[in-house]
Amino acid sequence: MKNIPKELKETLSKKFPLDTIKVKNTEISSDGTKKYLFEYHDNNSVEAVLLRMKEKELNEEGQVIKSEKYTFCISSQVGCKVGCSFCLTAKGGFIRNLSAGEIVAQVQYLKKLNEIPQNKSVNIVYMGMGEPLDNYENLIKAIKIISELDGLAISTKRQTISTSGISSKISKLGNENLGVQLAISLHAVEDDLRDELIPMNKAYNIESIIEAVKKFPIDTRKKVLFEYLVIKDKNDSVAQAKKLVKLLHGIEAKVNLIYFNPFEGTTYKRPLEEDMKAFQNYLLSKKIICTIRESKGLDISAACGQLKKKEEGQ
Ligand code: SF4
């Protein structure tokens, strides 16, 4: 625009940058998972992941009968304060919160880079780097921008907040009645073990999390997802499955069992398939929906924080 004074142009570009992200690195898995390392204006970077949940299906005439489905895994902080013992991001400590704009930009860029039309809805989970509820105000602002019709028009029903369990913030979030979905990274049924895996459990123990979840407003057709990272000889016994069933009593819950995949420097081991199955079967026998999940993109840096670590040579 030629009719704006030079000084004002400089001020505008400093205060209202249009390009907020640079793509620093990309990895593409054979299963279609794409992992991006996005860099912000201050050289800090975060990971964002595109998961291809369903391929497009065409009929013989080449018409689309089922369209493809994507889930975006979005980061909320550079680094993280929670300090989970199984997580690479935790090893780098906490650097800073992302602004609402920086969170929204990840969604915009994943769409743009993958030529996903603006009007195509995607699922979003806030479970990349960082604890989303530890960056509460910016997260809520981002969710509103993403869901507004004048924003990205992705319904709050398609947005899931995955938290390691800051119970006071789960209650606060519930009171906002935004219509978002909730996922809890539980990973353990005893506080002793959870203290080891997620040190923040000392401040927000299992009981406080379960209480907060029970009061959380959930769409009647939906369930709260409990993520359970299974580590060999730590939390993979049927006795622990029994305790989990007791804990979830009275909650519309589904459980995702995730194989722990060892990374360099960890002492935790991958669980055996038969133990995973026995755990799952017990939950199913008690009418709790339970799926077993491999980390997607196993042939790339699948664990959260791995791509960043690789890039930085930490
Ligand atoms: S697993 Fe999530 S909450 Fe835990 S340290 Fe890593 S990024 Fe933070």
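One-based numbering, in listed order, for ligands and for the atoms of each.
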Show me the donor-acceptor pairs within less than 3.5 Å that the side chains of residues 71-84 make with the rest of the protein, sequence neighbours left out.
unit_1	atom_1	unit_2	atom_2	d
Ser75	OG	Glu47	O	2.5
Ser75	OG	Met129	N	2.8
Gln77	OE1	Glu131	N	3.0
Gln77	NE2	Asn97	OD1	2.9
Gln77	NE2	Asp134	OD2	3.0
Lys81	NZ	Asp134	OD2	3.3

List, one per line, each side-chain donor-acceptor pair under 3.5 Å for residues 3-13, sequence neighbours excluded.
unit_1	atom_1	unit_2	atom_2	d
Lys9	NZ	Met1	O	3.2
Thr11	OG1	Glu7	O	2.9
Ser13	OG	Lys9	O	3.3
Ser13	OG	Glu10	O	3.1

Assess Cys84: does it contribute an N, O or S atom lying under 2.8 Å from atom 8 (Fe) of ligand 1?
-> no
In terms of the angle between their ring planes, are Tyr228 and Phe279 parallel, tilted or perpendicular, with boundaries placed at 30° and 60°?
->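 Taking Phe279 first and then Tyr228, their aromatic rings sit tilted (interplane angle of 30° to 60°).
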Under 3.5 Å side-chain donor-acceptor pair for Asn123 and Lys69 | no
Can you list the ligand 1 atoms lying under 4.0 Å from a non-hydrogen atom of [X]?
X     : result
Ala90 : 5 (S)
Gly83 : 5 (S)
Val82 : 3 (S)

Metal proximity, Cys87 vs atom 6 (Fe) of ligand 1, N/O/S cut-off 2.8 Å =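 It does; at least one qualifying atom falls short of 2.8 Å.
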Kindly confirm or rule out a cation-pi arrangement of Lys172 over Tyr136, judged by NZ or CZ under 6.0 Å from the six-membered ring centre and within 45° of its axis?
-> yes
